[in-house]
Asker: 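Pasting in a structure now, in C-alpha cells, and then I'll have a few things to ask.
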Amino acid sequence: MIDIKLIRTNPALVEAGARKKRIALDLSRIVELDNKSRAMQQDIDRMRAEQNAAAKLIGKAAPEERAKLAEEAKRAKGALKELEDAYGACEAELKAALLRVPNIPAEAVPEGKDDSENVEVKRWGMPRSFDFPFRDHIALGEAQDWIDVERGARIAGSRNYFLKGDLSLLEGAMMRFALERMVAKGFTSLSVPTLVRSDVMVGTGYFPGGEEQAYRCDERDDLCLVGTAEVPVTALHQDEILKLSELPKLYVALSSCYRREAGTYGKDTRGLYRVHQFQKVEQVVLDIADPQRSIEHHEMIVRNAEDVLQALELPYRIVNVCGGDLGAPQIQKFDIETWMPSRNNYGETHSASRFHDYQARRLSMRYRDAEGKVHFCHTLNNTVAASVRMLIALIENHQAADGRVWLPPALRPYMGGREWIGKVLS
RNA sequence: GGAGAGGUGGCUGAGUGGCCUAUAGCGCCGGCUUGCUAAGCCGGUGUACGGGGUUUUCCCGUACCGAGGGUUCGAAUCCCUCCCUCUCCGCCA
C-alpha cells in the first residue's frame with residue numbers, strides 16, 4: 001500500500017509510477033474521498049467531544065436532573081450516527097481504492113510493455129550443445145519411469161503429476177540442498193502454514209487482483225492455498241513492532257505452492273513447466289526502511305539464488321523486469337531464468353522482488369528506530385529453488401546419451417553419494 | 001463436533017454501567033542518592049488518525065481493553081455474531 005500522504009503531496013509521482021507499470025490509475029477519486037473523509041472526521045471528533053463532555057456531566061449531576069440532561073444528549077445522537085455511517089462508507093471505499101494503487105517502480109526499472117522487453121543483465125554458463133538427440137524431460141522422465149502425468153491428470157486434473165523413484169528423491173535432495181545452503185548463510189528455516197486467511201493474501205499484495213490465481217476454500221473457511229511461502233513468511237510478524245536489534249530478519253522456508261494458472265489454457269501444455277502444485281524453497285528478508293539497504297539485500301538474495309544454480313551447474317541469465325511486466329506491489333524485480341534445452345531457451349525459475357514498505361504497510365509490520373520512532377519495515381523475497389522447473393533444467397541439461405542423468409557434486413550427498421541416476425536406455 | 005473457562009498496555013494482573021484520564025507490580029528509559037555490586041527514591045514509558053503550533057523531542061481532539069455489530073446520555077464492564085487460547089469429552093493422522 002502506498003502512503004496516503006504521498007498521494008496527497010505528490011500524486012503525479014504515483015501516477016507516473018502506474019503508467020510505467022501500464023496500470024490504469026485515477027487518483028482523483030482517492031483525493032476526493034480523502035478530503036471528504038478528513039472533513040467528516042473533524043466534525044465527528046468535535047461532536048464526540050461534545051457528547052463525551054455531556055455524558056460526563058450527567059454522571060456527576062444530581063439524580064433528579066439526569067433525565068432532563070439525558071433527554072438533551074439523546075437528541076444530538078442522531079446527527080452523529082448519520083455522520084459516522086457516511087464516514088464509515090467513505091473510509092471503506094478509500095481503503096479499497098488505496099489497496100489497488102500500485103507501488104512506484106524504481107528508476108532502474110526499464111520501460112517496457114511486457115516480458116519481451118525485460119532487460120538481460122547477466123548470463124552465466126554456456127547452454128550445452130548436444131552431440132546426440134537429447135530427450136526433453138517428459139520423454140526422459142517417462143522412459144526412466146520418473147514422471148507420470150497421465151495418472152496425475154486422472155487423479156487431480158490437468159497440470160498435475162506424479163514424480164516417481166529417483167526423480168522424486170531428487171526433488172527432495174534439491175530442496176534439502178537449497179535449504180541447508182541458506183541456513184549456512186544465516187537464514188532461519190521455517191515450516192509454514194500453506195493455508196492462510198485471505199487478509200494475509202491482501203497483506204502481501206496478492207489480493208485484490210490475484211484472486212483468480214489462488215485456490216480458495218468455500219464459505220465454510222476463509223482460507224486460501226498459498227502460491228508461495230513468501231505469503232506466510234512475510235506475514236509472520238504481522239501487526240508487530242519489531243526491535244531494531246532483531247533486524248534484519250532472514251528467513252527461508254520450504255513449502256508446497258499452489259497455483260490455479262487460470263487463463264493459461266494452451267500455454268506450456270507439454271510437460272511440467274506449468275503445473276498447479278510444486279515445491280519451493282523461498283527466502284524472505286525483513287529489515288529497516290532504508291532504500292539503500294534494500295538494494296543491498298536485493299543483490300544479496302539474487303546472489304544466493306545464483307549460488308544454488310552455479311552449484312547445480314545450470315546455465316542461467318538474469319533479467320531486469322520492465323515496468324509493464326512488474327506486479328503492482330514491487331519496486332523492482334529480477335527474474336532468473338535457467339536454461340531448458342526442451343524450450344531451446346531460458347525459462348523462469350526465480351523471481352527476486354523488492355517492495356520497500358508496500359507489504360509491511362498492509363501487514364502493519366513495523367520497527368522502532370534508535371530514536372524510538374516507529375516505521376514500516378522493508379520486505380524482499382526471492383526463490384532459492386523451485387522444484388519442478390529446476391528438475392526440468394537438471395535432468396535435461398545433465399542427461400547423457402545413454403539416458404542416464406549426471407548429478408552435480410553438490411547434490412550427491414543427498415542422493416546416497418551417487419554420481420548418476422537412471423538406467424541405461426537403449 | 002459437544003461442554004466449560006478465558007482474551008485488558010512490552011509482560012504479569014486488577015477492574016461487573018459514570019469515581020477509568022485503565023489500579024498495581026515487573027520490565028524499560030531518564031534523573032537523584034549511595035565508596036564497588038546490589039538496593040533505594042523521583043519522574044517518564046503505547047499505537048493510529050486528525051487539528052494546532054514557537055515545526056525532530058510541544059499542545060489539543062478522537063479512536064483503540066481479541067474483531068465486528070448492538071443497547072445506553074454514558075460500555076473494558078450488558079447483549080449478539082465471529083476469531084483465537086486453554087481444559088474435558090468425542091473423532092482422528
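Chain identifiers are assigned alphabetically (A, B, ...) following the order of the sequence lines, protein sequences preceding nucleic acid strands; residue numbering begins at 1 within each chain. Below, each value reflects all heavy atoms present in this structure, side chains not excepted, and no hydrogens, waters or symmetry copies.
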Asker: If each of A:Asp34 and A:Arg197 is mapped to the nucleotide of RNA chain B with the nearest heavy atom, which maps nearer the 5' terminus, i.e. the 5' end?
Answerer: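 Upstream on the strand: A:Asp34.
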Asker: Any side-chain donor-acceptor pair under 3.5 Å between A:Glu396 and A:Ser342?
Answerer: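 Distance-only check passes for A:Glu396 and A:Ser342.
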Asker: Could you tell me the Watson-Crick or G-U partner of B:rG90, where both distances fall under 3.5 Å? Say none if there is no partner.
Answerer: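 No nucleotide pairs with B:rG90.
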Asker: Any strand is fair game: report the nucleotide pairing with B:rC20 by Watson-Crick or G-U wobble, both distances under 3.5 Å, or none.
Answerer: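 Answer to the pairing question: none, since B:rC20 forms no Watson-Crick or G-U pair.
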Asker: Would you indicate which nucleotide in B:rG61, B:rU56, B:rG50 comes nearest to any side-chain atom of A:Arg38?
Answerer: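 For the A:Arg38 side chain, the nearest candidate turns out to be B:rG50.
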Asker: Tell me the partner of B:rU72, counting only Watson-Crick (N1-N3 plus N6-O4 or O6-N4) or G-U wobble (N1-O2 and O6-N3) with both under 3.5 Å; none if nothing fits.
Answerer: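 Check on B:rU72: unpaired, no WC or wobble geometry under 3.5 Å.
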Asker: Below 30° counts as parallel, above 60° as perpendicular, anything between as tilted: where do the rings of A:His356 and A:His378 land?
Answerer: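 Geometry flag for A:His378 against A:His356: parallel rings.
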Asker: How far does the C1' atom of B:rU23 sit from the matching atom of B:rG9, given to the nearest Å?
Answerer: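 It works out to 13 Å between them.
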Asker: Sort out the partner of B:rG40 for me: Watson-Crick or G-U wobble, both distances under 3.5 Å, none otherwise.
Answerer: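 Partner of B:rG40: B:rC32.
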Asker: Counting side-chain heavy atoms from CB outward, which of B:rU47, B:rG50, B:rG74 is closest to A:Gln42?
Answerer: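 Nucleotide nearest to A:Gln42's side chain: B:rG50.
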Asker: Any strand counts, and the cut-off is 3.5 Å on both contacts for Watson-Crick or G-U wobble. Which nucleotide pairs with B:rC26?
Answerer: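 Matched B:rC26 with B:rG10 under the 3.5 Å cut-off.
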Asker: Quick one: is B:rG46 close enough that its OP1 or OP2 comes under 4.0 Å of any side-chain N or O from A:Arg368?
Answerer: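 So the side chain of A:Arg368 is outside the cut-off, no N or O lying under 4.0 Å from OP1 or OP2 of B:rG46.
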Asker: So, is A:Lys77 near the phosphate of B:rG74, with a side-chain N or O under 4.0 Å from OP1 or OP2?
Answerer: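 Yes, because at least one side-chain N or O of A:Lys77 sits under 4.0 Å from OP1 or OP2 of B:rG74.
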Asker: What distance, rounded to whole Å, do you find between the two C1' atoms, one in B:rG13 and one in B:rG25?
Answerer: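 Their C1' atoms lie roughly 8 Å apart.
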Asker: Considering only atom C1', compute the distance from B:rA3 to B:rU8 and round it to an integer number of Å.
Answerer: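 26 Å, rounded to whole Å.
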Asker: Would you please say whether a donor-acceptor pair under 3.5 Å links the side chains of A:Gln283 and A:Tyr251?
Answerer: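 Result is no, nothing qualifies.
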Asker: Please check the phosphate of B:rG18 (OP1 and OP2 only) for any side-chain N or O of A:Asn52 closer than 4.0 Å.
Answerer: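 For B:rG18, neither OP1 nor OP2 has a side-chain N or O of A:Asn52 closer than 4.0 Å.
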Asker: For the pair made of CZ in A:Phe376 and P in B:rC49, what is the distance, rounded to whole Å?
Answerer: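 Taking atom P of B:rC49 as the reference, CZ of A:Phe376 is at 7 Å.
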Asker: Just checking A:Tyr258 against A:His276, ring centres under 6.0 Å apart?
Answerer: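 No - the distance between ring centres of A:Tyr258 and A:His276 does not fall below the 6.0 Å cut-off.
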Asker: Taking any heavy-atom pair under 4.0 Å as a contact, classify A:Ile58: base, sugar-phosphate, or nothing.
Answerer: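 Result for A:Ile58 = base.
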Asker: When the C1' atoms of B:rG68 and B:rC26 are compared, how many Å lie between them, rounded to an integer?
Answerer: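 It works out to 33 Å between them.
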Asker: Measure across A:Pro232 and A:Val196 and return the closest heavy-atom pair with its distance rounded to 0.1 Å.
Answerer: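 Reported closest heavy-atom pair: CB-CG1, 4.4 Å.
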Asker: Distance check: side-chain N/O of A:Lys74 vs OP1/OP2 of B:rG74, anything under 4.0 Å?
Answerer: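 Answer is no, no contact under 4.0 Å.
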Asker: Tell me the partner of B:rG46, counting only Watson-Crick (N1-N3 plus N6-O4 or O6-N4) or G-U wobble (N1-O2 and O6-N3) with both under 3.5 Å; none if nothing fits.
Answerer: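 When the pairing criteria are applied, B:rC64 turns out to be the nucleotide that pairs with B:rG46.
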Asker: Starting from P on B:rU62, measure out to CD on A:Glu91 and report it in whole angstrom.
Answerer: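 Distance check: A:Glu91 CD to B:rU62 P gives 18 Å.
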Asker: Could you tell me the separation between the CD1 atom of A:Ile241 and the P atom of B:rG10, rounded to a whole number of Å?
Answerer: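 So the CD1-P distance, A:Ile241 to B:rG10, works out to 7 Å.
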Asker: Looking only at atom P, what distance separates B:rC29 and B:rU85, rounded to whole Å?
Answerer: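 Their P atoms lie roughly 34 Å apart.
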Asker: In the strands shown, is B:rU56 matched to any nucleotide by a Watson-Crick or G-U wobble pair with both distances under 3.5 Å, and which?
Answerer: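 Pairing partner, where one exists within any strand: none, as none qualifies.
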Asker: May I have the distance from A:Asp369 (atom CG) to B:rU47 (atom P), rounded to whole angstrom?
Answerer: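 The answer, rounded to whole Å, is 11 Å.
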Asker: Output the rounded distance in Å from CG (A:Leu69) to C1' (B:rG18).
Answerer: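 Checked: the CG to C1' distance equals 13 Å.
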Asker: With heavy atoms under 4.0 Å as the rule, sort A:Arg366 into base, sugar-phosphate or nothing.
Answerer: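 Here A:Arg366 touches the backbone only, sparing every base.
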Asker: Just call it for A:Ala73: base, sugar-phosphate, or nothing, with non-hydrogen atoms closer than 4.0 Å on any strand.
Answerer: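 Sugar-phosphate only.
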Asker: Between A:Asn382 and A:Glu230, does any side-chain donor sit less than 3.5 Å from a side-chain acceptor?
Answerer: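 Not at all, the side chains of A:Asn382 and A:Glu230 share no donor-acceptor pair under 3.5 Å.
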Asker: May I ask you to check whether A:Arg159 and A:Thr264 show a side-chain donor-acceptor distance below 3.5 Å?
Answerer: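 Side-chain D/A pair, A:Arg159 to A:Thr264: present.
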Asker: Measuring only the P atom in each nucleotide, how far is B:rG4 from B:rC80? A whole number of Å is fine.
Answerer: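 After rounding to an integer number of Å, I get 13 Å for this pair.
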Asker: Can you figure out which of B:rG61, B:rA63, B:rC49 approaches the side chain of A:Lys5 most closely?
Answerer: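 In terms of side-chain proximity for A:Lys5, the closest of B:rG61, B:rA63, B:rC49 is B:rC49.
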Asker: Of the candidate nucleotides B:rU47, B:rC73, B:rC49, which contains the atom at the shortest distance from the side chain of A:Val374?
Answerer: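 Minimum distance to the A:Val374 side chain belongs to B:rU47.
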Asker: In whole Å, measure the gap between the C1' atoms of B:rU47 and B:rG43 for me.
Answerer: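 Each nucleotide's C1' atom is 23 Å from the other's.
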Asker: How long is the straight-line distance from CD of A:Gln238 back to CZ of A:Arg362, given to the nearest 0.5 Å?
Answerer: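 Answer for the CZ-CD pair, A:Arg362 versus A:Gln238, is 12.0 Å.
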Asker: State whether A:Lys81 places a side-chain N or O below 4.0 Å from either non-bridging phosphate oxygen (OP1 or OP2) of B:rG70.
Answerer: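 So the side chain of A:Lys81 is within the cut-off, an N or O lying under 4.0 Å from OP1 or OP2 of B:rG70.
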Asker: Using atom C1' in both nucleotides, what's the gap between B:rG10 and B:rG27 to the nearest angstrom?
Answerer: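 Approximately 8 Å lies between the C1' atom of B:rG10 and that of B:rG27.
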Asker: Which part of the nucleic acid does A:Ala49 contact within heavy-atom distance under 4.0 Å: base, sugar-phosphate only, or nothing?
Answerer: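 Result for A:Ala49 = sugar-phosphate.
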Asker: Would you kindly give the CG-to-C1' distance between A:Asp199 and B:rG66, to the nearest whole Å?
Answerer: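 Atom CG in A:Asp199 sits about 14 Å away from atom C1' in B:rG66.
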Asker: Which part of the nucleic acid, if any, lies within reach of A:Gln41 when heavy atoms closer than 4.0 Å are counted: base, sugar-phosphate only, or nothing?
Answerer: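 Counting heavy atoms under 4.0 Å across all strands, the contact made by A:Gln41 includes a base.
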Asker: Under 4.0 Å between any heavy atoms, over every strand shown, what does A:Arg361 touch: base, sugar-phosphate, or nothing? Just pick one.
Answerer: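 Result for A:Arg361 = nothing.
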Asker: Starting at atom CD of A:Glu84, determine the distance to atom P of B:rC64, rounded to an integer number of angstrom.
Answerer: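 That distance rounds to 10 Å.
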Asker: Whole-Å distance between B:rU21 P and A:Leu57 CG?
Answerer: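 Atom-to-atom, A:Leu57 to B:rU21, this comes out as 14 Å.
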